[in-house]
Structures are given as structure tokens and as C-alpha cells.
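Report on the structure given below.
For the single chain, residues carry numbers from 1 onward in sequence order.
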Amino acid sequence: MKSNRSRFTVIGSRLKKQKVEENYGANFFAFWLGGKCLQQQMVCCIMLKYSKKNKIKSIRNIGIIAHIDAGKTTVTERVLYYTGRSHKIGEVHDGEAVMDWMPDEQERGITITSAVTICAWKGCEVQVIDTPGHVDFTIEVERSLRVLDGAVGVFCAVGGVEPQSETVWRQADKYLVPKIAFINKLDRVGADFFNTVEMMKEKLGANPLILQLPVGLEDNFAGVIDLINMKQIVWDDDTLGVTFSTEEISGDLLDNAIKYREKLVEAVAEVDDEIMEAYLSESPVATERLLDAIRKATIDLKLVPVLCGSALKNKGIQPLLDAIVRFLPSPADIPPIKGLHPETGETIECLPVANAPLAALIFKVSMTEGRKLSFVRIYSGKINAKEEVYNPFRKINEKLTRILRMHANKRERIDVAGPGSIVGIIGLKKSSTGETLCSSDYPVLLEKIEFYKPVISVAIEPKTHADQEKFDEVLEKFIAEDPTLTIKKDEDTGQTILSGMGELHLDVIINRMRREFKTSVNVGKPQVVYRETIGAEAEASAVFDNEITGQRHFGEVIIKVHPLRRGTGNRFVSEVAVDTIPELFIPAVKKGIMESFESGALMGYPVVDVEAVLTGGLYKESLSTELAYTVSASMACKNALAKAMPFLLAPIMSVEVFVPESCMGDVIGHLNSRNGKIESIEQKIGIHTIKAIVPLAKMFGYSTALRSATQGRGTFTMRFSHFDKS
């Protein structure tokens with residue numbers, strides 16, 4: 001056996017010669033590390049140093065996405081351990097996961113905020129974002145996917161494709177993010193690999209490409225069959241999965257493996273002409289050529305490679321890392337991001353090269369230890385510490401004080417970051433989430449991130465005078481961090497109303513106020529954030545004729561409103577002739593109408609699904625102004641809305657309840673009593689899934705009621721579906 005020193009000499013020389021093995025079944029690290037944590041860390045350092053010198057093609061920016069409790073963080077913890085980034089495996093159930101570093105995450109056993117880290121695998125620098133699975137924190141997934149080049153979708157082999165799995169998958173589709181799938185928890189009772197694959201087709205519209213088959217299921221799960229190399233991989237439990245053996249496929253599994261290998265080649269042939277020719281002529285397909293075709297099809301969003309394992313049992317992670325490196329794109333493999341020139345509106349391509357003009361996007365802001373930390377994805381150019389950058393949205397220059405490479409809540413200072421990097425920046429005072437950083441000589445505006453509207457509110461007030469002094473400042477910090485939070489003052493009661501995405505979301509914020517900022521607050525009962533709409537057509541007119549600062553302002557309009565189909569949104573149409581109201585003033589009329597939609601006639605909630613039509617008005621030369629038309633349009637629209645039979649729309653939630661069969665009757669009765677509509681009931685081994693839609697107002701306290709009805713065995717998930725009459 002060689003000494004540790006000689007081992008690392010060999011490793012270093014291999015890396016320099018770029019002879020790291022690429023075969024799916026071969027794990028270079030497992031062979032050399034022998035499970036020693038110190039050796040893992042040293043190899044990680046060697047790999048990172050090596051990958052810095054390599055081209056941008058060695059970078060992989062990936063996110064781990066899934067439904068809550070599918071095993072995202074458990075997968076991430078194994079990735080960090082096997083790449084040498086962590087010296088021990090942190091378990092979620094012990095509150096020791098590296099990526100779940102917040103006290104609330106450790107106590108609740110869930111991911112609340114997306115965490116960034118970096119590790120190395122086979123000559124590639126892998127930047128990983130572990131995202132939350134709970135629907136209340138879906139903005140964390142949204143803004144992470146906005147800046148990522150690839151994603152790993154983790155699915156529970158028992159639950160299959162669950163509601164939030166669909167949500168995050170659609171979010172990835174929206175940003176055209178290539179994906180691979182990892183079917184986890186094959187050791188669990190009720191695990192069904194092929195059913196999960198079928199659910200991917202049915203619910204996600206995906207085209208899954210099975211690269212691995214499980215060897216056994218449930219208690220008998222031992223490893224996987226690699227269909228690319230036609231080998232069987234079995235992990236060593238005594239080394240926490242660090243080492244494994246690559247063997248010939250067992251005789252009783254060989255026929256099935258040959259069948260699915262044939263299906264694999266057939267599926268790839270459908271998207272690759274060269275492999276199609278070989279397939280039709282029954283010629284053998286070289287492994288490297290097959291891998292290249294799978295990579296191209298994955299990046300082109302034509303196929304989703306599917307792997308499997310059990311992260312908790314330390315099986316399947318090294319081949320998953322191989323797949324990330326082999327199939328997911330580098331920043332150079334995807335089309336360059338496009339932005340707009342802030343003055344001319346010209347489209348600008350931001351090439352992923354270091355000597356190009358800077359283009360970077362702030363995708364997240366975190367207020368930690370009293371300082372503002374901005375998370376930035378660099379698309380082109382590079383950022384140097386202590387230099388100025390330009391924010392074209394705010395038209396200001398800001399000076400960076402530090403650039404940080406992140407590992408969850410730990411940081412490493414660096415002097416420069418180039419294209420493809422995801423880094424933390426300290427020093428940005430006014431720039432916020434979704435804004436662009438660039439060079440003032442070459443300004444560019446990247447597309448902003450869309451944020452969700454809150455659906456639930458609570459009234460909060462400081463407990464003491466000392467809390468009052470910090471109250472507003474603390475709330476401002478949370479708003480800067482989380483764009484899905486809103487705060488407003490109730491004019492009638494004087495209360496501060498905090499609105500968010502769900503009960504858990506608001507509960508976490510209030511806990512953080514008390515824990516992190518030592519600010520105690522009284523909290524009122526949750527209130528639903530409604531919308532308003534109308535049930536009939538109505539028309540109204542208004543005149544604004546006032547003198548302001550010595551100038552007379554005149555405007556008169558006639559507005560007709562009528563309801564639109566649910567979910568259509570608001571629209572404005574002008575039907576007046578130019579001699580009635582000149583074209584110049586139409587935008588001012590539209591502005592006034594859209595402002596009036598912000599507060600409805602019933603209870604002041606936003607108005608939705610209404611079309612406002614400008615049907616008439618009056619213009620007086622030299623007296624009519626934009627201000628007058630804006631005010632008169634707002635007045636007329638409000639009057640018309642009040643006459644058009646306004647009514648409230650409540651947020652309707654899509655609810656899935658998982659219960660034992662013996663409790664089905666009680667649970668269905670509970671849902672019916674809450675005005676729920678049962679949509680379907682699915683039976684699985686040992687458990688039933690009830691799908692229903694329920695008004696959010698009726699779901700407060702449901703968690704406690706469900707635990708009581710099922711002796712603590714029932715669980716549920718809830719996500720926003722639509723607004724409608726409750």
C-alpha cells in the first residue's frame with residue numbers, strides 16, 4: 001500500500017495529464033481515498049485548484065429540486081461528502097445537515113432557504129444550490145433556477161411525482177433548464193421505480209431515459225445496474241458508501257438489463273441520426289458515442305436521464321455525480337443570455353468569456369450578521385474585489401468590498417470571479433434582488449425575476465418600546481431578503497400587516513425576528529389576502545377640473561367595465577377617436593385605470609379579471625393635461641367598478657392528504673366540513689392519497705386537526721391553485 005503522500009502525488013500527476021477516468025461505473029475517488037476524510041479534503045483542494053486553471057467548460061451550475069421530504073438535502077450531503085467538501089455526512093433528522101444551517105431548518109427538519117456550495121468531481125467544478133421543497137418557499141426555487149444551467153430532480157420512489165415536484169419541474173421548464181432525475185428511497189417499503197418513471201411521463205410531460213435499474217427493492221435494495229456499461233454496481237456499507245464494486249450483471253437480472261439497454265439505445269436513436277443508422281443496421285454503438293448523444297439530447301431538453309438509489313443508505317450518489325458532469329451543460333454549452341441596452345433597447349448577447357463586458361444578476365439577498373450579502377451569478381466578464389460596478393436599473397455605481405465563495409453559511413474570500421461563477425458579494429447598498437450589475441461603459445439590463453403575490457396575512461406589533469425602535473428596521477431587512485413578503489399599514493386600525501405565501505412562511509419570519517434580531521412581537525390571527533372582481537357590466541364618467549400651482553388641469557372620460565374569464569388578468573382598450581381625446585393622453589388614461597385596479601370597491605383588495613374600455617370623454621385645448629386624465633380615469637373606473645356588482649375572490653388551495661386507510665372516513669369528513677371538494681382518491685401500499693381543493697380561509701389549523709384525526713399518522717401538502725368564489 002502506498003503512503004498518503006505518494007497517493008496524492010499520483011493523483012496530482014493524473015489530474016495534470018487530464019487522465020481522470022470518465023467511465024460511469026469507475027469511481028476514481030473511491031479507489032484512492034479508501035474512505036479517509038482528511039484525504040478527501042486534500043483531494044478536493046487539488047481538484048479545485050486544477051479546475052480553476054481549466055476552461056469554463058469544466059463548470060457545472062446545478063440545483064437540487066424536489067417535493068418536500070423527497071431527499072434533496074440528504075442527496076446534497078452525500079455529494080459534499082463523496083467529493084471531499086465535507087469531512088462527515090450531516091443528517092437532516094439529526095439537525096446536522098451542512099446545507100440546512102439555519103436554526104429553524106435544523107429544528108423543523110426542512111430546507112427553508114436555498115444554500116450555495118461548491119465542490120469538485122472528475123476535473124469539474126460543481127456549484128450546487130440546494131433548494132426548499134415546501135411550497136411556502138417556492139420563490140427560493142424560482143430565483144435559483146433563473147441562474148442555474150442544470151438541475152437534478154429528486155423523486156421519492158414511494159410517493160412518485162408529488163405536487164411540489166410538478167411545481168419545481170415546471171419552473172425549470174420555464175427557464176429551459178436541462179434536467180436529470182434521481183429516483184431516491186428505493187430502500188423504503190412501497191418503493192416502485194417504474195411507477196415513478198411512468199408518473200414523470202404522465203404528470204411532467206417528460207421524456208425519461210432510464211440509465212440504471214435497481215438491484216432489488218425495499219429491504220433487498222443492494223445497488224444498481226448501469227445500462228451504459230452493462231455492469232452491476234454494489235456499494236460497501238462498511239465505508240459509508242465511499243467504496244463500491246463494479247461486477248458482471250447477475251444471471252437472473254441479465255435478461256431485463258438487456259431489454260432496457262435496447263430501449264435506451266432506441267430512445268437515443270430517435271433524437272440522433274447517426275445512432276439511428278447504427279440501430280437500424282443492428283451495428284454496435286460505441287459507449288462514448290452513446291454518452292455524447294445523451295448529453296446533447298439532455299442539453300437540448302429532448303431527454304431526461306434517470307438514475308436511482310438511496311441517499312440515506314449511501315447508494316447511487318457517485319454515478320449521479322458522474323451524470324451531472326457528463327450530461328448537464330457548462331455555461332459554454334447553453335445559448336448566451338440576452339439582455340437589453342437600457343437606453344436604446346437593443347438586444348445584447350452576454351458571452352461567457354472573461355474578457356467580455358461584465359453582465360451579472362443578483363438573484364438573492366441575505367441579511368446576515370447585520371450585513372447585506374448579495375448572491376450573484378456572473379454571465380460574462382469578471383468581477384474584481386474593491387472595484388465599482390454599475391446598476392442600470394437604479395442608474396447608480398456601487399463599490400464592492402468583498403467577493404466570497406460560499407459553502408452554505410461559511411465563506412472564503414477571493415479576489416476575482418469570472419463567467420459561470422456564483423458568488424456572494426458584500427458592499428452593495430442599494431442594489432436588490434433581480435437587478436443587473438455591469439460596466440458603466442457597456443450597460444446591459446438582464447431580465448428580472450418574477451415574484452409571487454402573497455396569499456395570507458397577519459397583523460403584527462412590537463411588544464415593548466425597545467422592540468418598537470427595531471421593529472421597522474427589522475421588517476425592512478426581511479423585505480430586502482424575500483420579495484414575496486409585503487408590509488402595509490392598515491389605515492383604519494393602524495396595525496402593521498405582514499403578508500406572505502403561507503402559515504409556515506410567516507411563522508418562520510416571526511421566529512427569525514425573535515431569534516436573530518431579538519425583536520418580540522404580538523401576532524394576530526392569520527388573514528386571507530382576497531381579490532376582487534365584478535359580476536356585471538357598468539359605465540361611469542368623471543371630470544377633473546382643478547387649478548394646481550397656478551395651472552388649470554382639465555380632463556373628462558367615460559369608462560365602461562365588464563368581467564373577463566377567471567385568470568385572464570386586467571385589460572385596457574381605447575375606443576375613442578383622436579378628435580375626442582388625442583392619442584397623446586391615452587397612456588395617462590390607462591395609468592389612472594390600472595391604479596384604480598389596485599384597490600377594489602368592496603374591501604380594498606386588488607381587482608382582477610376586468611376589462612376597462614375608454615368609450616368617450618372631452619378634450620380642451622391648452623387646458624387638458626396628463627395629470628387631469630389620469631385622475632379622472634381613476635375616478636371613473638372606481639365608480640364603474642362600484643356599480644358592476646363587485647364580489648370577493650378567495651384563494652383556493654390544492655391539497656393532498658396522505659392517510660392510513662383506517663382514517664379515510666374521518667379525514668374526508670373533515671375536508672367536507674371545510675368546504676373542500678374531493679377530486680380523487682389514490683390507493684398505494686399502506687396509505688391513501690386524497691386530492692381536494694379547499695378555500696385557504698378554511699385551512700387554518702388543519703395540521704392540528706389532521707394529526708388528531710389520524711393519531712399523528714396523517715400528513716398533507718398544500719399549494720395555491722387559483723382565485724375563485726369560496
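The neighbour count for Lys174 NZ, taken as heavy atoms of other residues, nucleotides or ligands under 6.0 Å away, is above 12. More than 12 heavy-atom neighbours from other residues, nucleotides or ligands sit within 6.0 angstrom of NZ on Lys203.
Put simply, CE on Met513 and CG on Leu498 are 7.5 Å apart, with the number rounded to the nearest 0.5 Å. With rounding to the nearest 0.5 angstrom, the OG atom of Ser499 is 10.5 Å from the NE2 atom of His505. Separating the CZ atom in Phe182 from the CD atom in Gln212 is a distance of 8.0 Å, to the nearest 0.5 Å. Atom CG of Leu446 sits about 4.0 Å away from atom OG1 of Thr436, to the nearest 0.5 Å. Between the CD1 atom of Ile693 and the CG atom of Asp724 there is a distance of 8.0 Å, given to the nearest 0.5 Å. For the atom pair Leu437 CG and Ile362 CD1, the distance stands at 4.0 Å (nearest 0.5 Å).
At least one donor-acceptor pair closer than 3.5 Å links the side chain of Asp609 to the backbone N or O of Thr568. The backbone N or O of Gly500 lies less than 3.5 Å from no partner atom in the side chain of Thr484, so there is not a single donor-acceptor pair. Side-chain atoms of Lys691 do not come within 3.5 Å of backbone N or O of Thr689 as any donor-acceptor pair. Lys372 contributes a side-chain N or O that, together with a main-chain N or O of Ser431, makes up a donor-acceptor pair within less than 3.5 Å. Judged by distance alone, with hydrogens and angles left aside, the side-chain atoms of Arg78 form no donor-acceptor pair with the main-chain N or O of Gly316 at under 3.5 Å. Of the possible donor and acceptor atoms, none in the side chain of Arg405 sits under 3.5 Å from a partner among the backbone N and O of Glu412. For the pair Glu77 (side chain) and Ala311 (backbone), a donor-acceptor distance under 3.5 Å is absent. Looking at Gln127, its side chain never comes within 3.5 Å of a backbone N or O of Val116 through a donor-acceptor pair. Asn184 places a side-chain N or O within donor-acceptor distance of the main-chain N or O of Ala70, the cut-off being under 3.5 Å. Between the side chain of Arg143 and the main chain of Ile449, no donor-acceptor pair closer than 3.5 Å is present.
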Begin with the C-alpha distance, continue with both residues' side-chain angles, and end with the deciding distance and a verdict on side chain to side chain contact (heavy atoms under 4.5 Å, CB included) for Asp292 and Arg326.
-> CA-CA 8 Å; Asp292 289 342; Arg326 196 66 179 82; 3.0 Å; yes
Run the side chain to side chain contact (heavy atoms under 4.5 Å, CB included) check on Leu80 and His407 step by step: do they pass?
-> CA-CA 10 Å; Leu80 298 181; His407 177 48; 3.9 Å; yes
Could you go step by step and tell me if Tyr390 and Leu358 meet the side chain to side chain contact (heavy atoms under 4.5 Å, CB included) rule?
-> CA-CA 9 Å; Tyr390 180 63; Leu358 174 66; over 6 Å; no
Test side chain to side chain contact (heavy atoms under 4.5 Å, CB included) applied to Glu656 and Glu162, step by step = CA-CA 9 Å; Glu656 283 202 20; Glu162 297 169 285; 5.5 Å; no
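Residues passing the side-chain contact (heavy atoms from CB on, under 4.5 Å) test with Ala332 are Ile56, Lys57, Ser330, sequence neighbours excluded. Annotation: salt bridge (charged side-chain N to carboxylate O under 4.0 Å, His left out) contacts of Glu166 (sequence neighbours excluded): none. Under the rule for a side-chain contact (heavy atoms from CB on, under 4.5 Å), the partners of Val304 that lie at least two apart in sequence or sit in another chain are Trp169, Ala181, Met200, Ala206. Lys296 is linked by a salt bridge (charged side-chain N to carboxylate O under 4.0 Å, His left out) to Asp300, counting only residues two or more places apart in sequence or in another chain. The side chain to side chain donor-acceptor pair (under 3.5 Å) test applied to Arg413 returns no partner, not counting sequence neighbours.
Taking both residues in full, the closest heavy atoms of Pro329 and Arg295 are given as CA-NH2, 4.1 Å, listed atom of the first, atom of the second, then distance. Scanning all heavy atoms of the two residues, the minimum distance from Leu186 to Pro214 falls at CD1-CB, 3.8 Å. Nearest heavy atom pair, residue Phe327 against residue Ile299, reads O-CG1, 3.8 Å. A pairwise comparison of heavy atoms in Cys438 and Pro392 identifies SG-CD, 3.7 Å as the closest pair. The two residues Val306 and Val197 come nearest to each other via the heavy atoms CG1-CG2, 4.3 Å. Heavy-atom minimum distance, Leu361 versus Gly434: CD1-O, 3.6 Å.
Val128 places none of its side-chain heavy atoms less than 4.5 Å from the side chain of Val152. With contacts defined as side-chain heavy-atom distances shorter than 4.5 Å, the pair Met199/Phe155 does not qualify. You'll find the side chain of Ile317 reaches within 4.5 Å of the side chain of Val79, heavy atoms only. Counting heavy atoms from C-beta on, the side chains of Ile210 and Leu264 never come closer than 4.5 Å. Arg531 places a side-chain heavy atom less than 4.5 Å from the side chain of Phe723. Residues Leu506 and Leu485 form a side-chain contact, since some pair of their non-hydrogen atoms from C-beta on lies under 4.5 Å apart. Inter-residue side-chain proximity for Met406 and Arg411 is flagged as met; some heavy-atom pair is nearer than 4.5 Å. Between Arg512 and Glu481 there is a side-chain heavy-atom pair separated by less than 4.5 Å.
Judged by the 6.0 Å and 45° rule, Arg377 forms a cation-pi pair with Tyr379.
Among residue pairs with one or both ends in residues 301-311, those qualifying as side chain to side chain donor-acceptor pair (under 3.5 Å) are Asp187-Ser310; sequence neighbours excluded.
The only member of Lys430, Glu398, Glu435 that meets side-chain hydrogen bond (donor to acceptor under 3.5 Å, both in side chains) when paired with Asn391 is Glu435.
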